Amino acid sequence: MEKLKEKFIENALPAAQQIRELIKKYGNKVVGQYTLDQVFDGMRGMVSLITETSKLDPELGIRFRGYSIPELRKKLPKIPGGTEPMPEGIFYLMLIGELPTYEDASNITANWARRSNVPKFVFDIIDHFPVNTHPMTQFSVAIMAMQTQSVFAEEYREGKLNKKNYWEATYEDSMNLIARLPRIAAYIYRHTYKNAIHIEPKPELDWAGNFAHMLGYGESIEFKKLMRLYLTIHADHEGGNVSAHTTHLVGSALSDPYLAFSAGMNGLAGPLHGLANQEVVRWIMDLKKEVGRKPTKKEITNYIKKTLEGGHVIPGFGHAVLRVTDPRYMAQREFALTYLKNDENFKIVSLLYEVVPPILMELGKVKNPWPNVDAHSGVLLVHYGMEEYDFYTVLFGVSRALGVLASLIWDRALGLPLERPNSVTSEWVKRFVEQGG
Ligand code: HAX
């Protein structure tokens with residue numbers, strides 16, 4: 001049996017037992033109360049999900065199994081001579097709950113390389129997309145197409161699955177899926193933007209390094225570093241965000257990981273979620289077109305005001321939970337300060353950091369005026385020549401697979417049930433308040 005699977009059995013199965021005992025003993029404890037506002041406000045702040053892989057603190061930002069991003073940039077394994085963590089390491093941490101050694105991370109590299117063969121019909125399907133098909137649509141369809149390979153779906157249909165083994169078939173599908181995503185994403189990129197000239201994988205490289213290579217940026221050591229950082233920091237943001245929650249919700253119907261993850265990707269493709277990264281760069285480029293390559297603070301202020309007056313949000317700013325600058329933004333800023341300090345787009349991003357928050361604060365309604373992860377990622381990619389903005393959310397999706405699929409394996413190991421909250425009509429609400437609540 002694979003070492004990673006053994007380790008998961010060692011850690012997750014006793015945890016599942018402990019949780020069952022906890023629920024038996026404390027199942028009737030009141031966790032919290034919620035207001036009518038929250039019911040109409042997208043369930044903000046209601047504790048209603050279990051997600052083991054990470055936890056978001058409004059003031060401190062994301063913690064992966066308790067570790068912050070700056071800590072993980074130091075503590076997660078790196079390739080020999082490398083400076084950024086290997087995404088394989090954060091997957092191990094989220095799945096197992098312990099920091100991996102370099103050997104643990106490189107075992108995952110080899111494991112994913114073994115599983116990375118994408119069936120030809122998936123490429124054929126991508127080949128038939130009109131090139132103006134949004135890359136996220138191609139990505140989601142390609143994931144769905146691979147569903148024919150689902151171990152979970154096949155074993156379930158054949159009656160081979162016992163509830164106790166759901167996690168194992170979910171593990172197999174999730175590992176296969178994660179292993180194949182970089183190839184699929186790179187194929188979509190090259191199909192859409194590089195005249196369908198594809199680049200064969202180099203399985204001897206680490207997962208992120210090989211992805212950078214297949215995209216066509218393998219010559220740049222810095223781009224590979226950026227991919228390792230990018231794919232690590234976008235991996236998870238606890239369970240309530242749209243992509244994580246959707247994957248969990250669809251998975252709760254025992255839809256297999258292909259169905260569940262593809263659904264999650266459709267949520268990530270929304271402009272209030274992952275699509276914001278392409279929106280940010282487009283907005284910055286429009287700003288440059290309108291006022292010139294080196295806008296002043298005053299010109300930026302006017303542009304922001306015009307965007308708001310047009311009834312639009314400022315992309316890359318604000319967050320449903322965070323109340324401080326996103327640590328994922330700061331990690332990318334540190335990267336930029338090291339490698340592209342004089343880049344003109346980075347300078348604009350830095351100016352926006354100074355100019356946007358006071359303007360959003362002045363509106364009086366924005367709960368978090370600070371930049372989020374998407375405010376920064378695009379200009380880093382543009383710096384290395386990746387200027388196809390519509391592709392950016394696919395990169396986010398490849399990374400997000402690590403967190404949401406590790407969570408899905410945990411969902412099945414913990415035996416979490418079908419998700420089915422209660423819903424009411426607004427008529428019901430009116431009667432409820434009229435009768436004194
Ligand atoms: N620009 C202008 N107005 C904003 C704003 C922004 N960046 N952020 C919030 N607001 C507005 C909201 O639209 C809302 O206005 P109305 O009451 O008129 O509807 C009001 O301020 C209160 O919103 P909030 O409670 O502060 O924020 P929400 O939890 O409702 O929304 C969002 C959080 C991230 C969706 C929001 O801040 C936003 O639209 N930001 C811009 C898009 C963006 O960057 N999205 C990516 C977020 C990170 C992520 O998920 N990445 O994948």
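Not measured: the values here are computed from a predicted model. One-based numbering, in listed order, for ligands and for the atoms of each. Values below: all heavy atoms of this structure, side chains included; hydrogens, waters and symmetry mates excluded.
Listed by chain and number, residues touching ligand 1 at under 4.0 Å (heavy atoms only) are R44, L272, H273, G274, A276, L308, V313, I314, P315, G316, F317, G318, H319, A320, L360, K365, V366, K367, N372, D374, F396.
With sequence neighbours left out, R293 forms a salt bridge (Lys or Arg N to Asp or Glu O under 4.0 Å) with E344. Partners of Y384 according to the side-chain hydrogen bond (donor to acceptor under 3.5 Å, both in side chains) rule, which considers only residues two or more places apart in sequence or in another chain, are E222. K306 pairs by the side-chain hydrogen bond (donor to acceptor under 3.5 Å, both in side chains) definition with E290, not counting sequence neighbours.
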task: Step by step, work out the side chain to side chain contact (heavy atoms under 4.5 Å, CB included) result for H248 and L416.
output: CA-CA 10 Å; H248 165 79; L416 297 183; 4.1 Å; yes

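Proximity of a side-chain donor or acceptor of H383 to a complementary backbone N or O of D343 within less than 3.5 Å is not detected.
Taking the ring centroids of F8 and W167, they lie under the 6.0 Å cut-off.
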